[in-house]
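Reviewing the structure listed below.
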Amino acid sequence: MVELDDKIGSRFEWMSRGELAEWQSEALAKTVLQAAKSPWYSAVFRKMGIDPASIKSPEDIVKLPFTTKEDLRLSYPTGMLTIDPEDLIRLHTSSGTTGTPTAILHSRADIDCWAELMARCLAMTGANSKDVFQNMSGYGMFTGGLGLHYGAERLGMMVIPAGPGNTARQIKLIRDFHGTCIHATPSYAMHVAERMIQEGDDPKSLGIKRAFLGAEPYTEEMRLKLQELYGFKVFNSYGLSEMNGPGVAFECPEQNGMHVWEDAFLVEIVNPETLEPVAEGEVGELVMTTLRREAMPIIRYRTRDLTCILPGECPCGRVHRRLARMTGRSDDMLIVRGVNVFPSQIEEVIMRHKWIGGNYVIHLTKAEALDQMTVRVELAKGEFDGSIETVRNLRAQLHKELREQVGFNVNIEVLEPGSLPASEGKAKRVIDEREY
Amino acid sequence: MYKEVRIFVENKPGKLSRVAETLGNAGIDLLALEIADEGQFGVVKILTADPERARQVLEVAGMTVAFNQVAVIEIEDKPGGLVKLAKAIENAGLNVSDAYGCILERGKRAIFVVKGENLAAIESSAVKAGLKPLDKLE
């Protein structure tokens, strides 16, 4: 018999499929009515002749239009807001977007719900209030930091909000305060282990029991390697800022797919070309509708992440269906150091510089388990004035603008004109040599 | 005033030999050569008797070339040969931040090549001291 803890929403966690379906119908109907209060959705519904009250069950979802990242940009900053702005308590903007960011606004109920979903994820892995949790994820606008933080506090864990980087301090804090759980990107967890081994130390000696890893793609082999190095269990996490952030889907101790909290998110998998639902178990684009969001409900959001629903029931007994590892994107978005980067963002900055020729290449590699982005540009013909200082200053300016655009340091190489392969038609701009 | 030829190059093996080969094949003699390095890229600076032709052959070979103004002042190639010019520049209250010397005829003629600012003032201070700024090298 499972003990129900309302503080972390375990009544949702242990619902039967029938109860869940009933809840989803009610929640979807409420969500659509709520969405209709926003300027954006009321206009969309009016234009498409949709009566919000006619949406009564998950089967009706196909009558509703998709929402894209572009829609979020167009409705920026408050076009999808349904409540009095004074009742908002948090803003997150999505990492790595072109020009206009996308803003997600949260009411108190939204933040509460997010914390509950996140706490439920952590509890599902076996963590509890006795655990000490070191959060190595970035705080601020990036949802990974605050999302895990609120969830861990809700569960009653002691949180060490270490943030990313400063490896020596991370190791010291875990040792001194007996950290039992960590949240990091897979590559950073690997970096810490490698660093310890280099210094003659053993990552196992830290005594960490669980690692919650996400924000970038990585392989099952890397999970096994990390588990072996640290002696902990790795749980995969999936989330995106449009759906709060982390806390959307998480692994249970079976470590076989991520249970997506279907009481809070209605899940569809569609063919990204035809937008028709794929057959069960087939890979397609994940589309999600918020079911418990108040301030800013989002309907049929195209995540662009490619995945499938794992068939069959999970031995853990939870009925929330499981998402497979993300296998890629239906757009060209790159994930670099956990940050979402579109090649177009890089191009936008490059094109502002008239000293650069039209050709460029984005080269991704790994150094010490950390993603490195190198942008190769060509000096434009006729732009060389003979001075090395001029080229140096131009490069420094480009470096600064790229760092502002993507949020991390980008290496820049300035090449002679004509050294990059000429682009005919669709140029290959991205060379990804990272190994996961 | 004189034209120094500057070539933008990526810092990787074979770049300098490409410059040398191109000039050598065209029969262009180098009087002096400097390299400024910025890690991933650099600038090769050359002084030659025919900067216009040097630029042309380098550009035809696909290289990125620019001219840079320098003052070239002839001095005597002997111990103390630079003193007269250095004094003249000092008396004019001028600073030299980037320069080098090279020999044209051993024991007879050398040149002092000055870059940067105040090139015209440096040239006129040299003229006043009885020295000769060159606008041609052979």
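Chain letters run A, B, ... following the sequence lines, proteins first and then strands; every chain starts at 1.
Here the CG-CZ distance, from A:Leu415 to B:Phe8, works out to 7.5 Å after rounding to the nearest 0.5 Å.
Counting heavy atoms of neighbouring residues, nucleotides and ligands inside a 6.0 Å radius, atom CD of A:Gln372 exceeds 12 of them. Annotation for B:Lys115: atom NZ counts as buried by contact number, over 12 foreign heavy atoms lying within 6.0 Å. Around CD of B:Glu59, the count of heavy atoms belonging to other residues, nucleotides or ligands within 6.0 Å exceeds 12.
Looking at every heavy atom in both residues, B:Ala66 comes nearest to A:Gly386 through CB-N, 3.4 Å. The shortest heavy-atom contact between B:Glu38 and A:Ile388 is CB-CD1, 3.8 Å. A pairwise comparison of heavy atoms in B:Arg6 and A:Ser387 identifies NH1-CA, 4.0 Å as the closest pair.
Comparing B:Thr64, B:Asn68, B:Val9 by how many heavy-atom pairs each has under 4.5 Å with chain A, the most go to B:Thr64. Counting heavy-atom pairs closer than 4.5 Å to chain B, the top residue among A:Arg392, A:Lys381, A:Glu383 is A:Arg392.
For A:Glu416 and B:Arg18, the salt-bridge test passes: some basic side-chain N is under 4.0 Å from an acidic carboxylate O.
Using a 4.5 Å cut-off between heavy atoms, B:Val5 does not touch chain A at all. Contact annotation for B:Lys12: neither backbone nor side-chain heavy atoms come within less than 4.5 Å of a heavy atom of chain A. Residue contact with chain A, scored on non-hydrogen atoms closer than 4.5 Å, involves the backbone of B:Asp37 exclusively. With a 4.5 angstrom heavy-atom cutoff, A:Ile412 touches chain B only via backbone atoms.
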